[in-house]
Protein chains: 2
Amino acid sequence: MTTDAGARAPKYYRVKEQLLELTRTLGPDAPIPAERSLAVALRTSRTTVRRALRELAGEGRLDRVHGKGTFVARPKVYGTLRLDSCAEDLRAQGVEPGARTLDVGRVAADEKLSGLLGVGVGEPVLRVERLLLADGEPLAVETTHRNPGAGHAAEGEVTVETTLATPCEATLLHTDVGQPMLLVTRHSRTADGEPVDWVRSVYRGARYRFVTTLLRATD
Amino acid sequence: MTTDAGARAPKYYRVKEQLLELTRTLGPDAPIPAERSLAVALRTSRTTVRRALRELAGEGRLDRVHGKGTFVARPKVYGTLRLDSCAEDLRAQGVEPGARTLDVGRVAADEKLSGLLGVGVGEPVLRVERLLLADGEPLAVETTHRNPGAGHAAEGEVTVETTLATPCEATLLHTDVGQPMLLVTRHSRTADGEPVDWVRSVYRGARYRFVTTLLRATD
DNA sequence: AAGTGGTCTAGACCACAAT
DNA sequence: TTGTGGTCTAGACCACTTT
């Protein structure tokens, strides 16, 4: 199912496969020809070339830099799903983790936060917004809302789904609007079941994958 | 970070927000106006409308049906990350699970499968390809390669990342080429560490989210 | 100034579904 | 046949980077 066997592929998809083959012959960070050159060379329109390039960037095979060019991307990094940070995971891959705090403050809980954190509507909630980095490159935007009176987190429910980059996220993450992202939300509680925090993280899908180990529940 | 505050939004993105607002006023399965009508009404080109519609479909807000029209989508379903099936999860959401076997057979292990399953190159490996359904709608394509001599799986390493639908996957899953998908791979072992199977599943990102519960490892 | 990627347009033509 | 979404084109113009 990884190939297009059995389905008629649109022209842009064949272009995409040709370009993917090109990236395999080149190393990471190698530049590939300009869009207008590719359109001529592949006897197609720039629009068609661009659709192929955009998808390859969305899959983490190419990096596109406005004004500079398009380059072969480095492989994805991964992180283990857990409650604490994933910094050690990155180091184990030879990638230097980092973080930049974008905003810290208190906000009044709206109805949604009130329900998630177990505080009254209008009560103050701690809000922290951070940019997570891998080798200095933006990896994710993480927004935490924390109940200021809660204890330490002992367990958490995590959801993972796809989303598309908003203009704001695209700017922060150095990617394009509409590129696929991994949206991870985590709702943590103390051992007593008291809500601690609610974290919403948007990871660049082209750069990140999650890993977790499962045990069979029933045997 | 869910809004476009702070970043200049392209025109198609404002169109997208207007259409999203429209879906909120309508119920699931309600039809929305045709692309050409929207282009006139919103004083833009059909291309711009289509980019907005495509992203909304990728986010699971709209369903587009070739020749029929565009409709408000139903909410995503979710599944728990675990080694056995997710059928009970779906039933708990009032969704009827199903599966259709696409292909069953034996293939000779290539180098990759040999390494993953611990069998010699050229040795036979069981291959099963299935289409997972939710309320009769395609939800995922699942390909399993199994070591025929292995015992029961006791643990598994799971990775979750984004990918884009290939023409073949798009056909099977009733979606469009290039739409964002959740790629889940699972490598299972017995309690003794013997490889059992390797499963590659492509879930429609617009229809599915994963849920898992974590415990803090160190306290 | 020149070259790159990013957005947007207006239109042609195709494929599919309903009438 | 008509209306829908799907693909593709050729070109204009903008934004960013480098020279």
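Naming: A, B, ... by sequence-line order, numbering from 1 per chain. These numbers were taken from a predicted model, which means no experiment stands behind them.
The separation between H174(B) atom NE2 and dG6(D) atom C1' is 16 Å, rounded to whole Å. Between the P atom of dG5(D) and the CG atom of L62(B) lies a distance of 11 Å, rounded to the nearest Å. Note: CG (D63(B)) to C1' (dC16(C)) measures 17 Å, nearest angstrom. The CZ atom of F71(A) sits 11 Å away from the P atom of dT4(C) (whole-angstrom rounding). What separates NZ of K16(B) from P of dC8(C) is a distance of 13 Å, to the nearest Å. The distance between atom CD of E35(B) and atom P of dC8(D), rounded to the nearest whole Å, is 15 Å.
The listed nucleotides are dG5(D), dT17(D), dC16(D); the one nearest the side chain of R64(B) is dG5(D). Side-chain proximity of P10(B) to dC8(C), dG6(C), dG6(D): nearest is dC8(C). Relative to the side chain of A34(A), the nucleotides dT18(D), dG5(C), dG5(D) differ in distance, and dG5(C) lies closest. Comparing dA17(C), dG5(C), dG5(D) by their nearest atom to the side chain of K68(B) picks out dA17(C). Counting only heavy atoms from C-beta on, K11(B) has its side chain closest to dT9(C) among dA15(C), dT9(C), dG6(C).
Checking G67(A) against G69(B), the closest nucleotide of DNA chain D that is more toward the 5' end is the one next to G69(B).
In terms of modelled atom types and a separation under 3.5 Å, the side chain of E55(A) and the main chain of R51(A) share no donor-acceptor contact. A donor-acceptor pair under 3.5 Å is formed between the side chain of H187(A) and the backbone N or O of L116(A).
The 12-atom threshold is exceeded at CZ of R46(A), counting heavy atoms of other residues, nucleotides or ligands nearer than 6.0 Å.
For the pair H66(B) and dA17(C), the ring geometry does not qualify as stacking, because the centroid separation below 5.5 Å and plane angle under 30° are not jointly satisfied.
Taking a cutoff of 4.0 Å between a charged side-chain nitrogen and a carboxylate oxygen, K16(B) and E59(B) qualify as a salt bridge. R14(A) has no carboxylate O lying under 4.0 Å from a charged side-chain N of E17(A), or vice versa, which leaves the two without a salt bridge.
Within residues 36-57 of chain A, the residues approaching DNA chain D are R36(A), T44(A), S45(A), R46(A), T47(A), T48(A), R51(A), by heavy-atom distance under 4.0 Å.
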**salt bridge (charged side-chain N to carboxylate O under 4.0 Å, His left out) between E35(B) and R64(B), worked out** = CA-CA 11 Å; E35(B) 296 175 350; R64(B) 318 187 68 190; 2.2 Å; yes

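V177(A) comes within 4.0 angstrom of no nucleic acid atom, judged by non-hydrogen atoms across all strands.
Ring orientation note: the planes of F210(A) and Y203(A) are nearly perpendicular, at an angle over 60° on the 30°/60° scale.
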